[in-house]
Structure formats: structure tokens, C-alpha cells
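Order of appearance sets the numbers: ligands from 1, and atoms from 1 within every ligand. Residue numbers run from 1 in the order of the sequence given. Predicted, not measured: the structure shown is a model, and the values here were computed from it. Side chains are part of it too, since the values below use all heavy atoms of this structure and drop only hydrogens, waters and symmetry mates.
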Amino acid sequence: MTKKKRIQIAVSKFSLPSPRRGSIDLHSGYGWSTERGNEIHQKLQLKRKNENPSYTSEVYISRQFHWEEYLFEIAGRMDGVYAEPLPIIEEIKTCFNIKNLLKTLNEIGQDHPYILQLRTYGYFYWLENNTIPTLNLHLVASHNNEVINYEVQLDINSFEKWLSCRASELVAEARFRERLINLRQKTGENFKFPYQSARFEQTQLIKKIEEAFLENRPIMAQAPTGLGKTIGSLYPSLKEALSRGQQLVYLTCKNSQHQIVEDAILRLHDQGEDFRSITLAAKNKICLKKEPLCNSDYCEYANDHYTKMAYHKVLEKLNNKRKLTAQEIQKVSKLYYVCPYQVQLELIDQVEVVIGDYNYFFSSNDFFGQQLVYICKHPEKPNLIIDEAHNLPARSREYYSCSLSSYTLKKMFEEVIFLPHKLRSEFETLLNLAILTIEKYGLGNYAHRIVLDLNEFMNVENRIRDFVARFLDSGAQVRLEDVVSRLCINWSEFTNSLELAYNSQNEFFTSYHPNPETIKITCCDASKILLERYNNFKHVVAISATLKPFHYYSQLCGLHKKKPRTEEFNYPFPKANRKIILIPQVSSKYKERAKNYPRIAEAIYKIISLKNGNYIAFFPSFIFLDNVLKYCSIPPHFKILKQKPNMEPEEVNYFFSELRNTIKSHIIFAVQGGIFSEGVDYPGDMIIGAFVVGVPLPSLDIEHEGIREYYQKNFSKGYEYTYIYPAMTKAIQAAGRVIRSENDQGIILLMDDRFMQEDFINPMPKDWFNKHPQELISSSILNDIRGFWSASR
Ligand code: SF4
């Protein structure tokens, strides 16, 4: 007898209309607190228990049945069951706007998931006890605790009709998934590297990743630019995932890096590999409305989304596309009047490669994260690649840090005139309360550590939520990014971070900053949270050109507990194509800067005079840059391009078009860690030299000092972890702009005596020198560079 295949599913996931129908209805933009929902649940359950001893909360119920070749195992927890005098099953649902929910329940009736869930409990109870219980949906408004009891009827015949439709639907989905897994495995069997031959270092990278998979350990790979690390990590990771019938999630730190991954995927497609990929876009980028307010009254795409999806078979229509982008999904969504964001979510489960930004998986409350977690719940887990992983420690800290400024709130008074007349003064009172709550923590005109009272912030949040409910009930027209929505979002994000800080050990601290008056929650270390996320994946590959020292990155990326393999790969091009010179006669130390500005300017002048072409001088800050620029003169035929803070994309593009202009030579004055120094390519002769002037050590302020204390206490490396290693990563990234392919030639000038100090040497790539950077010091800099240029092509 063949063993039955299983479909294990929670009652809440099982209880959906079949065929799927209905609208999207989220008051997105007004925040939502699951904690608040849980709190209401627990309070009510306790009250019920005190009122009636026969009441039991969280009652587990399950059922097994056979359907075609599958065995269904459905289980759930009923919120509460009264045994006496008559059996009643009660399901508690908290919602933001109880009247809207009631309207939806009345309109959709028996097809609403809440009703189907309660009926499923009732049906299972009937099968077990031969009695149909009373079914009560207890609705609670989260902002004011208003309640409505909604009685649900259970007609066994009509329920079984729905049940048979739903079971058949799930069987069809399971068969689809089985076919998908088989197809993936077949693709995985013959999966080929897309180039005739790989470079030695690239072959090594692939080999080491495969070895790490066999050892079941994550791998952290430092691979220099030009090695081909995108395809070198994508190929073995996807092949392994496919061989298990699974998916690969490829995360980048910037949307602009998605293109590089898409290009690598295109290479695999070109050689005939049959798999699909999706590049995720943020909700506000893919939304077809001006603002993503996802409810059927406001958005025609939300209205009847599920009905239209099923009727037009939208997912099937997108099935023949191997590369799914936001534009493609928007095009199809417009045609059938469905929500492109939701379509994206529904496709995640069906493709082989999911490309997205870090925050889709690592941030605290992103919706994609929840969806990605869902795909990770399959018994066989997907693989994960974290590209440019050196960005993860700082990025993840940002996700869990938060600030509130009274200046921003004061600006909101200007928008009060857009609110309904009767709500204006109440909103002003609320703003004043919020401002007062922030400003009372200021003890003077200086930054200082503070202790925030979580209850106080929760109370203000509750008052804001009350107001939001009245605002929505008033029928007022919701404007784009309206002021009520912004206040609600800002405050609840802060409260969420504060809750996290309260429940953490010592990873967070809070501070007050004057001018403008701001309170901040700083996350020093998000590694524990990251570690939990990795558990959703089978294998994790973290790659970057700068992952040293490995102990620093593995600790702060949360991988250290999983004992990662760490590998550093060699520079893949002829060393003769690159000349690195260290100039320790220059110092960027604060006290010595002023006398060094003219020396740096002079050195730049002399060096670029030796050969026409494009150069970049990378400075530790804009102030430093401006000071050197004051002393700078340039040879004829050269033009200076100066980076400004927050440049528009058109301005950046102008720089690139200038660099492509071969008639003139250029020197860009830029900063380390900026748009011209990381995640950007200068192919061919676009850049022939880089000056890395100084090390961009973070400023010595209350925030960095707070982080330093934490690192000192926890890792005994406070100064290195806070200041030196992040700064050196930026310096090395900047130096890495010069040589991007085997035909590139160029010079790299490291200008600072700090590059000779041990802690600054640790993060350097091993191919920069044999034993010590002292080897890079030249006794005749200009002659050496002249010699290099005359020996080159
Ligand atoms: S189109 Fe925009 S507003 Fe409409 S449901 Fe989708 S994301 Fe929400």
C-alpha cells in the first residue's frame, strides 16, 4: 500500500473562500499593532474564565481526512470554548475600524475568512461531539474597545460543499507544487556554469561554497572586485537549492545592485536554464495609486482583487515569464485591475530566484519579510545569498533604531487646516502632548543619555489611535501622505522600537539631542535578530570585497554562532596592472590636518600630471574635501568634478558622462563611503587612479561612544568595532574602484600614516602586500609611478 501524501495546514490558512474571492482591505498607512491585539485577546480570555468556569481558552482542535491521494491534517486553536450550559465556540477578532469590518462581513457573508474559520471549528466540534455548537464572532475595536457579537450559522450540507471545493483546490495546489519541485530538481541536475571556463579564483569560490554546503555551515567569502562573485555565488547556491526542489533568495543592500544579479540570471537563461526569477519592488514603488491606502473604497485595484485574480487566472498569465519585474507585473495588473503588490507577494512562492533588498527580509516589519518567512516554512528550506554583506551590520542596526523629533511634529501644525474643522483643535492638543513628551527629556542644550518611559509612549499612541479612528469615521478625505497618517506611523514606529529595546538585554540605548530636539533609540547590535532569520534558510552565503576582519563581520552579521567558514580569495588579475603606493608622510589626524591640506593638494597635482586620464580623490568627509580643494591647482586639460551631499541621479549621471568623454581628463573630488566609492563600476579607462586620503573614522559623539561602550563590554574591541573597521571598509571599497577587469590598469595611493598601524592593517586584503604594508612605501613616488605608466600599455 502506498503511503498517503500529506497536506498539513492551519485552520486559519485552510479557511479561505473557494474559489478565492474578495477585496484587499488594509488601512495601511495607519500602523497596526499585533501586540495590542494579543493584549485584548488575553484580557478577554481571562475575563471569560472568571465569569464562567466552564470556559477554556486556546483549545486545540485537529482533524484528519483523506482526499484523493492526500491525507489532510488540519489543526488550530480556538480562542475560547464554553462547555456549559450549551457549547459555544468564540473567536475573538480585533480590528481597527469595527463598523467597516461589520459592513464587510454583512456584504461577503459566509465567504469571509473569519466566518469560514469559525465554521471549520464548529464542524470539527460537531464531528467529535455530534452537537452543533453556537458560534460567536466577538469583534473588538482596538482603539476604543467597542465590541460587537456576530453570530455565525453552521449548515452542515452547505459547509461540506465548501469543504469539498477547498480540499480539491488545495490538492490542485499541492500537485502543482510537486510538479514544480520535480521540474526544479530536473533543472538542478543539468545546471551548468554559464561560461566556457571560469577564472581560477572564481572556480575556487564555487568550490569553497560547495564544500561549505556539504559541511552544512554558512560561508563568508571576501572576494575582490572583478572575480565574478555574483555568478560565482549564484551558480552553486541556485544549483544546490534546485537539486532539493527549492528556491534561492538573493538580497542586495541597494536596489541599484539588482541589475547585476539580473544580468547573471540572464546569462543562465541564455544557455537554456529553465527557471524563473522575480525582482521585488517596495509597495510605494509598485502601487498603481498615488498612495498605497489598501482598501476597496479608495483603490479600484484592491476592490475584488482576489475575485479578479481567480477569474482572469492572472498568476497563470504571468507563468510564462522567466524574468518578473515590477514593470511587467504592473502592466498585467493594470490590464486586469488587480493590485500589483499583492500579485508580487503571490508570485514569490512560485519562482526559483527571489531578488530583493535587505530590508525585505531583515527589517522589523516588512510585509515581504513575512512572505519570505512563509516560503521558508516549507520543510526543505531555500538558500540565501547576502551580497555586499559588509553593509549588513550598519543596515540592520538602522532597522531597529528610531528617532522622534519635536521639530517634525511642530511642522505638522501647518497642515492642520486640511483636517475637518471639528477635529482641528483636538489634533493640535494631541500634537502638543506629543511634543511635550519629547521635550521633557531635554536637560539642557547638549546631547545626553536618557531613560524613556514605555507606558507614557504607549498612552500617547493609544490617544493617537483613538483620534485616527474618529478621523476615518468622520468621512474626511484622506490626502496624500496626510498629517494624521504621518503622526500615527512615526509614533507607532518609535513605540515599537522602544518595546524591542525594553525587551532586549543591553543592545539598545536611548538619548536626547538638541537642535532640533530629538529623542533617539540606538540599536548597537542586531545580530541576535539576524541569527533568528538565518534559521529560515538551509544555507547562507555572505559575500563582499571587504569582510575582514572576519570575527567582526561574523559577530555583527549574527553568523558567528553558526560557525561559518571564512574564505578570502586572491586578486584575480595580473598584479603588474596595479600599482599601490602608501604615502605615510601624510596624516589625516585631526590636529595635523591643517598643515597636511596643501601637501595633499600638491601630491595630487604632481601625480595626475604624470598621465592624462580620469582620477578620483576620496576624502574622509566633505569638510576635508573642501579644505584640500582650496589648495588645489590642476594641470591643463584636467577638469575638477566635485561631489556634493545628496546629489540627484541626473547630477551623478552627468559625472559619468564626463568620465566617458575621452578628450578631457578629470579628477573627481569625492568622499569615502559615498555614491562614487561603493557599489559603482568604472569599466575600462573610466578611472586610472584613486587617492584614498585618510580614513573616514566616524565622529566622536554620544551615539558612537554609546556603541563603543557596548562593543567594549561585549567583544572587548570597542574602538576597533565602532571606528576603525567600518572606516577601513570604506577606504578599501574606495581603493577597489580602480581595477574592475583584467584589462584595467591603474594606481592606488593610500595617503595616511594610519595605514601603517596594526588595527588598520587587519582589514586590508591579503593581496595588497606580502607581509606588511611597509612594502608599499616608495622612496621615489613620482619615479615609481612614471615607471609603472611607461611599463603599461
Ligand atoms: S494598488 Fe496600491 S493602494 Fe491599491 S491595493 Fe495595491 S498597493 Fe494598495
Side-chain angles (χ1 to χ4, degrees), residues 16-17 19-34 95-97 100-101 103-105 107-108 111-114 255 258 278-315 317-318 321 324-351 354-357 359-361 363-372 374 468 471-472 475-486 488-489 492-493:
L16 294 177
R20 191 82 204 269
R21 69 186 195 95
S23 304
I24 298 168
D25 221 339
L26 299 171
H27 271 297
S28 67
Y30 286 93
W32 183 253
S33 161
T34 41
C95 60
F96 191 75
N97 191 324
N100 269 359
L101 177 56
K103 189 171 144 238
T104 313
L105 286 173
E107 276 170 13
I108 298 179
D111 261 354
H112 194 284
Y114 289 174
N255 282 338
H258 292 166
I278 188 168
T279 305
L280 302 178
K283 192 181 217 177
N284 58 356
K285 293 264 160 55
I286 198 170
C287 174
L288 293 168
K289 301 290 283 183
K290 283 191 185 144
E291 190 172 15
L293 287 171
C294 308
N295 65 70
S296 49
D297 292 338
Y298 166 79
C299 174
E300 61 274 35
Y301 304 99
N303 188 30
D304 270 336
H305 165 88
Y306 297 108
T307 319
K308 290 182 276 192
M309 285 292 288
Y311 181 79
H312 297 295
K313 298 190 178 355
V314 177
L315 290 186
K317 289 200 164 97
L318 283 162
K321 311 264 180 233
L324 291 156
T325 59
Q327 293 80 352
E328 191 65 51
I329 294 169
Q330 275 180 325
K331 204 166 99 192
V332 174
S333 301
K334 257 187 199 164
L335 198 65
Y336 299 106
Y337 273 83
V338 291
C339 165
Y341 178 70
Q342 191 62 34
V343 172
Q344 241 191 174
L345 292 182
E346 290 172 42
L347 283 165
I348 285 178
D349 198 23
Q350 302 197 2
V351 299
V354 180
I355 305 165
D357 188 279
N359 61 359
Y360 298 153
F361 197 74
S363 76
S364 54
N365 49 12
D366 194 275
F367 208 65
F368 280 129
Q370 294 169 25
Q371 198 66 13
L372 289 177
Y374 173 67
V468 169
F471 170 68
L472 291 175
Q477 214 192 341
V478 180
R479 300 169 66 242
L480 275 183
E481 295 183 0
D482 74 273
V483 67
V484 181
S485 154
R486 289 199 329 267
C488 185
I489 289 171
S492 47
E493 278 177 358

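At a threshold of 4.5 Å between non-hydrogen side-chain atoms, the residues Lys308 and Tyr337 count as touching.
Taking the side-chain contact (heavy atoms from CB on, under 4.5 Å) definition, one finds that Leu335 meets it with nothing, sequence neighbours left out. Every residue meeting the side-chain hydrogen bond (donor to acceptor under 3.5 Å, both in side chains) condition with Thr307, not counting sequence neighbours, appears here in chain and number order: Asp304.
Stacking of Arg20 on the aromatic ring of Tyr306 is recorded, both the 6.0 Å distance cut-off and the 45° axial limit being met.
The local environment of NZ in Lys317 is crowded, with over 12 non-hydrogen atoms from other residues, nucleotides or ligands closer than 6.0 Å.
Here Cys287 does not reach atom 6 (Fe) of ligand 1: none of its N/O/S atoms is less than 2.8 Å from the metal. The nearest N, O or S atom of Cys339 is not closer to atom 4 (Fe) of ligand 1 than 2.8 Å.
Counting heavy atoms closer than 4.0 Å to ligand 1, residue Cys299 contributes side-chain atoms (C-beta onward) but none from N, CA, C or O.
Those atoms of ligand 1 that come under 4.0 Å of a heavy atom in Leu288, given as number and element, are 1 (S). Atoms of ligand 1 lying under 4.0 Å from any heavy atom of Pro292, numbered from 1 in the order shown and given with element: 3 (S). Interface of Ala302 with ligand 1, defined as ligand atoms under 4.0 Å from a residue heavy atom, comprises 5 (S).
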